[in-house]
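Some notes on the structure that comes next.
Note that these values count all heavy atoms, side chains included, but never hydrogens, waters or copies made by symmetry. Order of the sequence lines sets the chain letters (A, B, ...), proteins ahead of strands, with each chain counted from 1.
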Number of protein chains: 2
Amino acid sequence: MGITIQEASRVSGLSTHTLRYYERIGLIHEVGRDSGGRRSYTRPDLDWLDFLTKLRTTGMPIAEMCRYAELRRRGPATAAERRRMLEIHRARVLERIAQLSEDLSILDYKIDLYHAMENS
Amino acid sequence: MGITIQEASRVSGLSTHTLRYYERIGLIHEVGRDSGGRRSYTRPDLDWLDFLTKLRTTGMPIAEMCRYAELRRRGPATAAERRRMLEIHRARVLERIAQLSEDLSILDYKIDLYHAMENS
DNA sequence: CTGCATGTTGAAGTGCACTTCAAGTCAAGC
DNA sequence: GCTTGACTTGAAGTGCACTTCAACATGCAG
């Protein structure tokens with residue numbers, strides 16, 4: 001019914017080690033098992049992993065992701081709180097982009113200086 | 001002539017520990033000392049720290065910064081190589097900004113979904 | 001001249017996010 | 001039935017970027 005941890009690893013881009021680690025710390029809740037006790041990842045699992053990965057790559061700390069995951073498990077009653085978490089995170093991402101853009105211009109300036117040096 | 005490590009810390013935004021650490025690993029080269037052997041930071045030191053900080057906040061690994069610092073110490077002959085390093089780093093920063101912007105839209109989408117849930 | 005804050009050093013410790021290890025289980029191919 | 005390879009677990013290890021510690025030195029206030 002589901003796919004193996006190996007396939008889930010390929011699809012998600014996370015190592016099998018990381019998949020087990022994420023489950024252990026509660027980021028992924030109780031992945032289904034096959035007859036032999038092996039993990040079997042379903043579509044919803046993969047979608048969730050995808051979203052988790054986006055939170056990670058945008059710099060959300062694991063601890064905060066765990067909190068989000070826990071709220072999610074508690075159901076619809078926690079929707080407003082989860083939204084607030086995402087809004088706060090969104091603001092951080094925006095700020096990070098702004099900071100990077102600003103620093104980028106310093107980089108450009110420095111690179112220009114080097115060009116000028118080389119052509120003088 | 002220069003300022004104390006405490007003042008340099010305040011100006012640069014780096015802890016005194018980090019300032020000593022940066023010096024130890026060769027990121028900052030031989031900061032001057034006062035009569036009592038205490039560090040004395042001058043304007044060029046602070047400018048360099050400022051630039052280092054920009055490299056760090058844009059995600060350049062310490063090891064790479066050390067390499068850049070070493071090239072810088074070797075003088076003008078290494079200018080072209082330093083420029084290349086900055087250009088490569090610049091490309092990474094651009095890519096990071098693009099990635100963050102993309103992930104941001106997923107975040108926006110999710111937040112919208114939560115709003116829709118709350119208003120239904 | 002005596003505290004005491006601030007400085008110095010090398011070495012050890014910390015926190016985060018994994019990653020590797022050790023020891024065992026299970027299923028498919030020969 | 002036996003090997004092989006992927007899977008399982010808990011525990012220990014890794015890499016990065018600092019941070020803290022321990023032990024000692026210096027300089028200024030009272």
Side-chain angles (χ1 to χ4, degrees), chain A residues 1-42 45 48-70 89 92 96 99 103, chain B residues 1-42 45 48-49 51-70 89 92 96 103:
Chain A
M1 209 211 70
I3 63 175
T4 68
I5 195 170
Q6 203 65 224
E7 291 162 333
S9 166
R10 199 180 34 71
V11 172
S12 68
L14 298 165
S15 74
T16 58
H17 307 295
T18 301
L19 287 174
R20 290 194 202 95
Y21 165 70
Y22 275 11
E23 190 174 342
R24 181 158 51 78
I25 64 176
L27 263 186
I28 320 169
H29 189 53
E30 300 286 301
V31 174
R33 303 299 174 111
D34 68 10
S35 56
R38 276 135 175 196
R39 288 175 180 78
S40 172
Y41 292 84
T42 60
D45 291 331
W48 174 238
L49 277 174
D50 222 62
F51 183 58
L52 282 182
T53 300
K54 263 150 188 61
L55 293 183
R56 270 305 293 136
T57 60
T58 50
M60 183 182 282
I62 293 275
E64 204 168 321
M65 287 166 63
C66 286
R67 165 130 189 81
Y68 186 92
E70 200 213 320
H89 184 57
R92 282 196 303 231
R96 180 89 183 105
Q99 184 63 63
D103 291 349
Chain B
M1 205 213 72
I3 63 175
T4 67
I5 195 168
Q6 204 65 224
E7 290 162 334
S9 167
R10 199 180 33 72
V11 173
S12 67
L14 297 165
S15 74
T16 57
H17 307 295
T18 301
L19 287 173
R20 290 195 203 93
Y21 165 69
Y22 276 10
E23 190 174 341
R24 180 158 52 79
I25 65 176
L27 262 186
I28 320 170
H29 190 53
E30 301 284 300
V31 174
R33 304 298 175 112
D34 67 11
S35 55
R38 279 142 173 184
R39 288 173 179 79
S40 171
Y41 293 83
T42 60
D45 291 331
W48 173 238
L49 277 174
F51 183 59
L52 282 182
T53 300
K54 263 151 187 60
L55 293 183
R56 269 306 292 135
T57 60
T58 49
M60 183 181 282
I62 294 274
E64 204 169 320
M65 287 166 62
C66 286
R67 165 129 190 82
Y68 185 92
E70 199 213 322
H89 184 58
R92 283 195 304 232
R96 180 91 184 104
D103 290 350

### Task
List in numerical order all residues of residues 49-60 of chain A for which some heavy atom is under 4.0 Å away from an atom belonging to DNA chain C.
A:R56
### Message
Using a strict heavy-atom distance below 4.0 Å, which residues from residues 22-29 of chain A are in contact with DNA chain C?
### Response
A:Y22, A:R24
Is [Y] close to [X] at the side-chain level, that is, under 4.5 Å between some pair of heavy atoms?
| X | Y | result |
| --- | --- | --- |
| B:T58 | A:Q99 | no |
| A:L52 | A:I28 | yes |
| A:T4 | A:D34 | no |
| A:L27 | A:Y21 | no |
| A:V11 | A:Y41 | no |
| A:Q6 | A:T16 | yes |

### Query
Is a side-chain N or O of B:S40 found less than 3.5 angstrom from the main chain of B:R33, in a donor-acceptor match?
no
### Task
Check for a donor-acceptor pair, side chain of A:T53 on one end and backbone N or O of A:L49 on the other, with a separation under 3.5 Å.
yes
## Note on the structure
DNA chain D in dot-bracket form (Watson-Crick or G-U pairs under 3.5 Å, [ ] crossing, | inter-strand) is ||||||||||||||||||||||||||||||
If you compare every side-chain N and O of [X] against the phosphate oxygens of [N] (OP1, OP2), does one of them come in below 4.0 Å?
| X | N | result |
| --- | --- | --- |
| A:T18 | C:dT19 | yes |
| A:R20 | C:dT20 | no |
| B:R39 | C:dT8 | yes |
| B:S15 | D:dT19 | yes |

### Task
Check B:R96 against A:T57 and note the closest heavy-atom contact, atom names and distance.
NH2-O, 2.8 Å
Please round to the nearest 0.5 Å and tell me the distance separating atom [atom1] of [X] and atom [atom2] of [Y].
| X | Y | atom1 | atom2 | answer |
| --- | --- | --- | --- | --- |
| A:T18 | A:R24 | OG1 | CZ | 10.5 Å |
| A:R67 | A:E64 | CZ | CD | 9.5 Å |
| B:R39 | B:E30 | CZ | CD | 10.0 Å |

### Query
When you check the side-chain N and O atoms of A:D45 and A:T42, is any donor under 3.5 Å from an acceptor?
yes
Please list, for nucleotides 21-29 of chain D, all pairs of protein and nucleotide N/O atoms separated by less than 3.5 Å.
| residue | atom | partner | partner atom | Å |
| --- | --- | --- | --- | --- |
| D:dT26 | O2 | B:R38 | NH2 | 2.9 |

### Query
Nearest-Å distance, OH (B:Y21) to C1' (D:dG15)?
11 Å
### Query
How long is the line joining CG of B:L19 and C1' of C:dT6, in whole Å?
15 Å
### Message
Using a strict heavy-atom distance below 4.0 Å, which residues from residues 3-10 of chain A are in contact with DNA chain D?
### Response
A:T4, A:I5, A:Q6
### Query
Excluding sequence neighbours, so at least two apart, what forms ring pair (Phe, Tyr, Trp, His ring centres under 6.0 Å) with A:Y68?
A:F51
